[in-house]
Amino acid sequence: MSTPQERADFLRREITRHNDAYFVRDAPLIPDADYDVLIRELRTLETQYPELNAEDSVTTKVGAPSSTVFSEVVHAEPMLSLDNVFDVDELRAWGERVAKGLGEDVDTLDFAVEPKIDGLALSIIYVDGELVQGATRGDGTVGEDVTDNVRTIRNLPTILHGSTTGRVEVRGEVFISKQDFEALNARQREFESKEFANPRNAAAGSLRQKDSGVSASRPLSFLAYQLVDLDGSLSFTKYIDTIHQLASWGFYTAEETLVERGADAIIARSTWFEEHRHDLHYEIDGVVIKLDDLARRETLGFTSRAPRWAVARKFPPEERTTRLLAIEVSIGRTGRATPYAVFEPVVVAGSTVSLATLHNEDQVAQKDVRPGDLVIVRKAGDVIPEVVSAVDEPGRKRHAPWKFPSKCPECGGRLERVGEESDTYCVNPSCPAQLQQQILHFASRGALDIEGLGEQRVTQLLEVGLIHDVADLFTLQESDLASLEGLGELSAASLVAAIAGAKQAPLSRVLVGLGIRHVGPVAARALASRFGSLDELAAAPLEDLEALDGVGPVIASSVHRYMREPESIERMARFARHGLGLVEPKIANALEPTLAGRAVVVTGAVEGYSRDGAEGAIVARGGTSPGSVSKKTYCVVVGEAPGASKVTKAQELEIPMIPGASFDELLETGTWSATLA
Ligand code: IVH
């Protein structure tokens with residue numbers, strides 16, 4: 001048994017280590033809930049044994065130390081943290097304490113109950129309605145100036161709606177919605193071979209980018225929850241009215257926030273959030289309960305780290321147990337062999353899951369999960385299924401520890417672990433699984449968008465030996481395809497036509513399709529608009545690549561290397577013969593961004609534009625063109641033979657629908673004069 005002093009020292013070291021991982025490196029080592037347990041234990045010890053010198057302990061500090069990359073900002077008022085409670089009884093006790101501090105009855109007090117969104121705190125200053133500064137919380141007193149990056153947050157007003165004068169500070173949380181997070185991680189998987197652990201880390205990493213172009217490419221959102229009056233120009237008496245003011249200035253605020261009176265009501269509302277946490281479009285790790293009356297807040301004041309008038313009720317992460325059926329290995333585009341767990345389907349955090357990646361050999365060994373084990377499953381960041389560990393089952397005989405296969409499950413080639421890396425690769429360059437993934441990627445929506453080239457078709461083409469490389473696609477003839485089972489004459493003709501059509505794709509999409517490591521859509525666009533053709537890009541010296549905005553040294557050397565590999569040279573030569581990747585319309589930079597930050601959905605055929613072309617034109621104007629209609633859609637362009645579901649959805653959500661004939665007007669002006677009923 002260790003003494004209280006030893007235990008406190010241990011906990012302080014552990015917490016410091018985890019603070020560093022979480023705040024500085026954006027790569028937490030343990031789940032938030034486990035971290036909270038450490039903090040709690042240390043706090044309890046420090047309260048029990050005052051001789052442990054708690055004044056300078058990690059328990060009195062909030063958040064991250066400032067880094068040196070950004071300039072420092074001293075907050076007008078410290079950005080504090082919140083005290084936590086973990087169950088209903090603790091919440092009730094907190095309510096009683098608040099009431100006692102005020103000399104009132106808790107059942108006469110009003111509290112706002114709102115989601116505790118799991119992102120990172122941000123302070124934004126507006127002068128006369130104009131955004132002048134954005135800063136992170138930092139250590140609570142001094143934060144980092146991230147103004148340029150903050151300006152790229154899409155749902156954040158840079159000019160407040162309505163006329164406002166004076167100096168105000170808006171605080172809130174930067175986050176990435178669950179849906180955006182999934183898309184972002186899919187992109188990371190494709191281009192960076194590194195995924196974010198959860199939306200919070202992704203948001204933190206995205207906001208602290210040196211290059212604001214990178215921040216802009218990340219789907220950051222902002223939710224406002226605090227208005228700080230910096231010059232006495234505001235006069236509110238209730239918190240909820242400040243939230244309404246923020247909303248009318250154009251901020252996104254939590255629409256689920258309600259003001260409730262008394263302990264039972266706040267408990268009921270916070271439990272409602274716990275039950276509905278998975279229905280929200282962003283991740284929450286609890287609720288925040290705040291006294292509504294601002295004068296009463298003044299009376300209560302603050303402790304050194306948190307206000308007395310607010311508290312967070314944290315929710316435990318949802319975990320389920322299930323039976324691990326098998327551990328299998330999948331082969332990716334680069335040959336990387338990734339082990340994954342196959343388990344009996346369970347409902348976790350709102351959906352049924354039966355598979356979870358195990359990342360690599362070391363992770364499997366570290367978790368020591370074996371087929372047949374009862375395992376704990378949860379969703380990291382509420383999104384990504386993850387096997388946590390095996391459950392002890394005394395008396396049950398376990399299988400032997402799982403061994404990484406030595407042969408590729410797809411081609412039988414050797415699987416090798418290279419150097420210090422923890423990843424294992426299939427070293428057979430003609431492994432059909434790799435080739436299949438490469439071709440699917442080449443034909444995918446983000447790349448050449450070749451319709452009719454799905455998984456099944458690609459498998460067939462590979463099996464009958466019609467293709468061995470992406471460049472072979474362009475030599476396919478209708479007559480070759482006649483031998484394929486299930487492919488009629490008509491579909492053969494349209495596949496050949498779709499492939500021929502893809503030759504018109506702009507260079508940036510060809511670059512995306514090649515799957516060069518680290519080259520995603522942002523870098524591809526930067527490279528394409530600077531070099532204009534594959535030839536020029538292939539000839540570019542490393543310095544020229546590195547000098548480009550949006551292309552760092554890692555991307556530059558990856559492209560440089562790729563362009564000099566013998567297979568790539570051969571592939572480029574064949575592309576050139578087919579007229580592919582020769583052009584990039586250099587319009588992107590010259591056009592006025594009439595659709596900046598707006599989502600325009602196109603359905604049906606718009607005269608004068610291919611599907612890609614219409615999307616490209618929207619992107620060239622600063623907009624996005626998602627595949628489905630949502631509340632956030634700016635308008636829907638309805639062409640010939642539109643999709644019924646998109647039209648119905650637009651009607652339901654009352655999103656304006658404009659005729660295809662007005663598409664050019666929309667691009668030119670950002671608005672329209674004709675709508676469809
Ligand atoms: S109010 C002085 N409201 O949680 C009170 N914070 O664990 C300041 N957070 O630092 C915070 N959702 O980054 C508040 N609805 C909400 C919140 C919220 C998330 C974050 C915030 C805070 C941290 C404390």
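Below, all heavy atoms of this structure are taken into account, side chains as well, without hydrogens, waters or symmetry copies. All residue numbers in this chain count up from 1 along the given sequence. Ligands are counted one by one from 1 in listed order, and the atoms in each one are counted from 1 as well. Predicted model, so just to flag it, every value in this text is computed and none were measured.
Ion pairing between Asp264 and Arg92 holds under the 4.0 Å rule for side-chain N and carboxylate O. A salt bridge does not link Lys379 with Glu318: every distance from a Lys NZ or Arg NE/NH1/NH2 to an Asp or Glu carboxylate oxygen is 4.0 Å or more. For the pair Arg12 and Glu46, the salt-bridge criterion is met [side-chain N within less than 4.0 Å of a carboxylate O]. Using a cutoff of 4.0 Å between basic side-chain nitrogens and carboxylate oxygens, Asp292 and Lys238 are not scored as salt-bridged. Looking at Glu90 and Arg313, no side-chain N of the basic residue comes within less than 4.0 Å of a carboxylate O on the acidic one, giving no salt bridge.
For the side chain to side chain contact (heavy atoms under 4.5 Å, CB included) criterion with Thr321, the lone passing option out of Val377, Val388, Ile376 is Ile376.
Contact analysis puts Arg137 in contact with ligand 1, with a non-hydrogen atom separation below 4.0 angstrom. Put simply, no part of Gly172 is less than 4.0 Å from ligand 1, judged by heavy atoms. Under a 4.0 Å heavy-atom criterion, Pro307 is in contact with ligand 1.
The closest protein non-hydrogen atom to atom 11 (C) of ligand 1 is Tyr225 CE1, 3.9 Å. Here the heavy atom of the protein found nearest to atom 3 (N) of ligand 1 is Lys290 NZ, 3.0 Å. In terms of protein heavy atoms, atom 4 (O) of ligand 1 is closest to Lys116 NZ, 3.1 Å. Nearest to atom 13 (O) of ligand 1 among the protein's heavy atoms is Glu173 OE1, 2.7 Å.
In the vicinity of Leu82, heavy-atom distances shorter than 4.0 Å reach the ligand 1 atoms 5 (C), 6 (N), 24 (C). Within ligand 1, counting atoms from 1 as listed, the ones closer than 4.0 Å to a heavy atom of Pro115 are 12 (N), 15 (N). Under a 4.0 Å criterion applied to the non-hydrogen atoms of Glu114, ligand 1 contributes the atoms 3 (N), 15 (N), 16 (C). Residue Leu80 approaches ligand 1 through these ligand atoms, each under 4.0 Å from one of its heavy atoms: 10 (O). Those atoms of ligand 1 that come under 4.0 Å of a heavy atom in Val288, given as number and element, are 3 (N), 15 (N), 16 (C), 17 (C).
At most 12 non-hydrogen atoms from other residues, nucleotides or ligands lie less than 6.0 angstrom from CD of Glu298.
Below 3.5 Å of separation, one finds an N or O of Ile117 facing an N or O of ligand 1. When only interatomic distances are considered, the shortest N/O to N/O separation between Trp309 and ligand 1 does not fall below 3.5 Å. When only interatomic distances are considered, the shortest N/O to N/O separation between Gln226 and ligand 1 does not fall below 3.5 Å.
For the pair Arg277 and Phe315, the cation does not sit on the ring face, since its NZ or CZ is not both under 6.0 Å from the ring centre and inside 45° of the axis.
In this structure, Thr242 OG1 and Tyr225 OH are separated by 13.0 Å, a value rounded to the nearest 0.5 Å. Note that OG1 of Thr253 is 11.5 Å distant from CD of Gln245, once rounded to the nearest 0.5 Å.
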